[in-house]
Amino acid sequence: MLGRKVPVVTFRTRVRDESVGGPNPFRWQDVSSNDYFAGKRVVLFSLPGAFTPTCSTYQLPDFEKLTTEFRALGIDEIYCISVNDAFVMNAWGKSQGLENVKLIPDGSGEFTRKMGMLVAKDNLGFGMRSWRYAAVVNNGTVEQWFEEEGYSDNCDSDPYGVSSPQKILEALKSQKIAA
Ligand code: BEZ
């Protein structure tokens with residue numbers, strides 16, 4: 001993946017818009033991956049599902065808490081992507097009280113498939129989801145890659161280690177020291 005461009009896809013997001021009125025004032029907003037990645041150095045992390053235990057207890061909250069450290073190391077944004085629709089991702093973000101990490105709904109799995117990271121999780125009744133990975137993406141090009149071991153369909157475990165925010169911070173710090 002190193003040196004490769006992230007795929008160009010359109011994400012279908014839901015945004016609040018008071019002009020819609022009523023009890024649920026949200027509308028669709030298409031956002032291109034170019035809008036997320038062009039001209040920025042970002043950390044992207046991808047996980048098997050919103051509201052799942054490891055993602056909700058450790059991975060997402062830890063990225064959220066460590067945002068200041070990432071920014072100090074030249075990261076402009078932190079994106080969390082999952083093969084979940086915009087309604088689910090928005091509900092997850094609200095339940096987590098997110099202020100820093102931005103959630104990207106890859107509901108159809110197109111981005112994840114084109115990244116080569118789509119796996120079957122039929123053993124859990126999940127359908128197609130993302131293998132867990134993270135990347136530092138600089139202006140749309142993958143600069144650093146952190147993929148959990150054992151990429152496979154219907155994996156009976158859910159490894160989480162190398163794509164943790166702590167590991168990515170370590171890599172960014174050693175890159176800075178070496179520079
Ligand atoms: C977890 O994050 O703990 C998890 C992810 C996928 C399936 C089951 C659990």
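Just so you know, ligand 1 is whichever comes first in the structure, and atom 1 is the first atom listed for that ligand.
- A chain of hydrophobic side-chain contacts below 4.5 Å, direct or via other Ile, Leu, Val, Met, Phe, Trp or Tyr residues, connects Val9 to Tyr79.
- Side-chain rings of Tyr151 and Tyr133 stay apart, their centers remaining 6.0 Å or farther from each other.
- A ring-centre distance under 6.0 Å is found for Phe70 and Phe63.
- Under a 4.0 Å criterion applied to the non-hydrogen atoms of Thr52, ligand 1 contributes the atoms 1 (C), 2 (O), 4 (C), 5 (C).
- Aromatic ring orientation, Trp28 versus Phe87: perpendicular (interplanar angle above 60°, classes split at 30° and 60°).
- The atoms of ligand 1 that sit less than 4.0 Å from any heavy atom of Pro48 are 5 (C), 6 (C).
- With respect to atom 1 (C) of ligand 1, the closest heavy atom belonging to the protein is Thr54 N, 3.3 Å.
- Per-residue contacts place Arg132 under 4.0 angstrom from the following atoms of ligand 1 (heavy atoms of the residue considered): 2 (O).
- Close contacts between ligand 1 and Leu124 involve ligand atoms 7 (C) [criterion: under 4.0 Å to a heavy atom].
- Among protein heavy atoms, atom 5 (C) of ligand 1 sits closest to Asp158 OD2, 3.2 Å.
- In this structure, Cys55 is part of the shell of residues with a heavy atom less than 4.0 angstrom from ligand 1.
- Centroid-to-centroid, the aromatic rings of Tyr160 and Tyr58 stay 6.0 Å apart or farther.
- Using a 4.0 Å cut-off between heavy atoms, Phe126 contacts ligand 1 through its side chain alone, with no backbone atom that close.
- Nearest non-hydrogen protein atom to atom 9 (C) of ligand 1 is Pro53 CD, 3.8 Å.
- No donor-acceptor pair under 3.5 Å is formed between the side chain of Asp17 and the backbone N or O of Arg27.
- Remark: of the listed residues Thr67, Leu66, Ile78, Leu66 is the sole one forming a side chain to side chain contact (heavy atoms under 4.5 Å, CB included) with Pro165.
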